[in-house]
Enquirer: 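Quick one: the structure is below, and I'll ask about it shortly.
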Amino acid sequence: MPADAPTPVRRALLSVYDKTGIIEFARRLRALDIALLSTGGTAETLREAGLSVTDVADVTGVPEVLEGRVKTLHPAIHAGILARRSREEDMAALDEHGYSPIDLVVGNLYPFSEAVQAPDASPETIMEYVDIGGPTMLRAAAKNHFDVGVATAPAQYDAVAQELEENDGCLSAPTRRNLAEAAFAHTARYDQAIDAHLSGEAVEDEQDSGTLPNPYRVSVPQSASLRYGENPHQDGALYEESSPFYEKLHGSALSFNNLLDTSSALALIDEFRDAGPTCAILKHTNPCGVATADTLEEAWHQAFATDTQSPYGGIVVVNQALDRATAEAIDEIFTEIIIAPEFEPGVLDLLTERDRRRVVRHTRPARTADRPDVRSVLGGLLVQTRDPVLPPPGEQDDQWTVPTQRSPSDAESADLDFAWRVVKHVKSNAIVYARDRATLGIGAGQMSRIDASELAVFKAQKSELDLTGSVVASDAFFPFADGLEAAADEGARAAIQPGGSIRDDEVIEAADAQDVAMILTGRRHFRH
């Protein structure tokens, strides 16, 4: 029989941990007069549903041993799966040993990832969830997909059954090929989860949590095909774990650029999880206005005041349930995406009146992300540990030093903490001016720090915002005193920066000469 010909399914082996949909699927197979083989709990489930099932032990002549650890690992099973129907010698070998072909394998694996997450699970218990026979059967069927079908997820059952019903009990070659690909992906993710767990244990044993894996492996299922990537001539797709970081409540699908903007917005707003009502407006992954205020509506107006031009078509994110008054204020301009953890009653009715707008609920805080940060370079990947979310105000102060004669006042300290959280999420070189926990001017992505400073001042002047009494934040050190002096000339009374320049003493001297209080954080936040 040609490899691309439909193959008849006369005998199916069902062995699943997740029994969702298995009874209905088995009934449809039996209606096509397909014989069913099964193991342990699956066989019991099918019999209780009134289905006729042959135990694998009756085929192998060997009962399950080692408390079920060994049940399908036998030539009677694997020869039936791996026999090539087009080879006379393979079929003759089956006849010689009294084995019969198995044309469809239906299986899914022990929930290893869930076992790892169980509290107080011992290493021995976790290892019991390493499936041996299951992956072996699935890989055997996938390898021999020229003759055998393999289903690894309940979501596949209906399509497989429907094709069998419409094609006289046969599966087409393209279907077998697609099912095989899914099966190999399924077992690859399973092995990766085991590898990640054992690698993580090794890192903990070495007490070296900063160790990155070698080699770096990743296998993430595709969750959505995008219309295009950054530009219409580029293909794009979204790959993510089973728990997405967002839930779209309204509007068309998020594009590649929308997803990047949304990720940046969520990373920024998570810095303000412990703050009062906070609103941030972003454009092309950069914040163009951020504010914390007594009310969310006030925070929106102050964030918008930073730059009244850029927010059109931008992204708005808030750190608490979006109320009606704030939603009405935001609705006065067109925004591409509005993101909130929740929406108060009636707010969604208002926001969904605009068809072009996307409304998104963020479902997973950024600070819980434990996966490395992965970037692409020509011909490879760059992998790094994530720049963690800053601790609540007061806790990070323990790591900061004040080298200037004057220490920041309480109000200046609050503004410096605020500005430092914002500048961390501005493309480098980055400068942020702020006052009263609201941005006044943001300079992003410039080739020099002076350019970033001048852009931030220009933005403030364009919005008619006075920088007198402001604070200034720099994502990396001031390489020369002129940057600090320029900020002081514009009205900044306090500054925050990592320090570490060979000219730190000159910068500190310039700050003292201008009566500017300065904090050195000891940690930079480049963002490229």
Side-chain angles (χ1 to χ4, degrees), residues 245-246 262-282 285-307 311 314-323 325-327 329-330 338-344 347 360-369 386-400 408-426 430 432-442 469-473 475 494-496 519 521 523 525 527:
F245 63 90
Y246 73 95
T262 299
S263 296
S264 297
L266 293 179
L268 169 58
I269 204 64
D270 205 39
E271 302 286 357
F272 297 92
R273 183 194 294 186
D274 305 303
T278 301
C279 176
I281 309 168
L282 293 90
T285 75
N286 268 312
C288 50
V290 185
T292 298
D294 293 335
T295 68
L296 210 52
E297 182 183 7
E298 183 182 352
W300 155 257
H301 286 299
Q302 291 183 7
F304 181 71
T306 306
D307 184 343
I315 287 81
V316 178
V317 62
V318 297
N319 69 341
Q320 59 183 235
L322 186 60
D323 59 273
T326 308
I330 297 172
I338 296 178
I339 309 170
E342 296 294 342
F343 299 85
E344 291 189 358
V347 170
V360 170
R361 175 188 289 121
H362 58 89
T363 58
R364 189 174 65 211
R367 75 172 63 185
T368 63
R386 291 188 179 275
D387 192 358
V389 172
L390 296 171
E395 294 183 17
Q396 59 185 347
D397 296 359
D398 295 339
Q399 309 298 320
W400 294 352
S409 66
D410 289 344
E412 288 170 341
S413 294
D415 284 342
L416 289 168
D417 176 88
F418 171 88
W420 188 241
R421 293 176 189 276
V422 175
V423 79
K424 177 186 172 186
H425 295 271
V426 179
V432 170
Y433 285 89
R435 186 180 57 242
D436 298 329
R437 298 183 302 168
T439 52
L440 301 174
I442 299 175
S470 64
V471 305
V472 63
D475 66 330
I496 186 168
I519 289 176
T521 67
R523 175 173 289 184
H525 291 294
R527 183 164 176 259

Enquirer: Mind checking whether F343 and D323 have side chains closer than 4.5 Å, heavy atoms only?
Expert: no
Enquirer: Taking the six-membered ring for Trp, are W400 and W420 parallel (under 30°), tilted (30 to 60°) or perpendicular (over 60°)?
Expert: perpendicular
Enquirer: Report yes if some heavy atom in the side chain of C279 is under 4.5 Å from a heavy atom in the side chain of V316; otherwise report no.
Expert: yes
Enquirer: Nearest 0.5 Å please: distance from the CG atom of L390 over to the OG1 atom of T521.
Expert: 9.0 Å
Enquirer: Can you tell me how far apart CG (L416) and CZ (R437) are? Round to the nearest 0.5 Å.
Expert: 13.5 Å
Enquirer: Around atom CZ of R523, are there more than 12 heavy atoms of other residues, nucleotides or ligands at under 6.0 Å?
Expert: no
Enquirer: Looking at every non-hydrogen atom in both residues, tell me the closest pair between A473 and V423 and how far apart they are.
Expert: O-CG2, 3.8 Å
Enquirer: Could you check whether any side-chain N or O of S413 sits under 3.5 Å from a backbone N or O of S409, counting only pairs where one atom can act as donor and the other as acceptor?
Expert: yes
Enquirer: I need the minimum non-hydrogen distance between P341 and R361, along with the two atoms involved.
Expert: O-CG, 3.3 Å
Enquirer: Please check if the side chain of T292 supplies one atom and the backbone of G276 the other of a donor-acceptor pair under 3.5 Å.
Expert: no
Enquirer: Please determine which of I442, I496, V471, V472 meets the side chain to side chain contact (heavy atoms under 4.5 Å, CB included) test together with V432.
Expert: I442
Enquirer: Hey, does I330 have a side-chain heavy atom less than 4.5 Å from the side chain of W300?
Expert: yes
Enquirer: Nearest 0.5 Å, what's the CD1-CG distance between I315 and L268?
Expert: 12.0 Å
Enquirer: Answer yes or no: is there a side-chain heavy-atom contact under 4.5 Å between V318 and I269?
Expert: no
Enquirer: Could you tell me whether a side-chain N or O of E271 sits under 3.5 Å from a main-chain N or O of V389, the two making a donor and an acceptor?
Expert: no
Enquirer: For a quick test of reading the model, state the closest non-hydrogen atom pair linking A325 to E297 and the distance between them.
Expert: CB-OE1, 3.5 Å
Enquirer: Atom CG of D410 and atom CG of D415: how far apart are they, to the nearest 0.5 Å?
Expert: 11.5 Å
Enquirer: Is the closest side-chain heavy-atom distance between S470 and E412 below 4.5 Å?
Expert: no
Enquirer: Contact between T306 and C288 at the side-chain level, heavy atoms closer than 4.5 Å - yes or no?
Expert: no
Enquirer: So if I apply the side chain to side chain contact (heavy atoms under 4.5 Å, CB included) rule between R527 and each of D475, D387, T285, which one comes out positive?
Expert: T285
Enquirer: Does the side chain of V290 reach to within under 4.5 Å of the side chain of F272, using non-hydrogen atoms?
Expert: yes
Enquirer: What are the two closest heavy atoms between L296 and A321, and how far apart are they?
Expert: CD2-O, 3.7 Å
Enquirer: Measuring from atom CD of Q320 to atom CZ of R273, what distance do you get when rounded to the nearest 0.5 angstrom?
Expert: 14.0 Å
Enquirer: Main chain of D270, side chain of N319: is a donor-acceptor contact present, judged purely on distance under 3.5 Å?
Expert: no
Enquirer: Which atom names give the shortest non-hydrogen contact between F418 and T439, and what distance separates them?
Expert: CE2-N, 3.8 Å
Enquirer: Please report the shortest heavy-atom distance between P287 and L282, naming the atom on each side.
Expert: CA-CG, 3.9 Å
Enquirer: Can you measure from CD1 (I338) to OG1 (T326) and round to the nearest 0.5 angstrom?
Expert: 10.5 Å
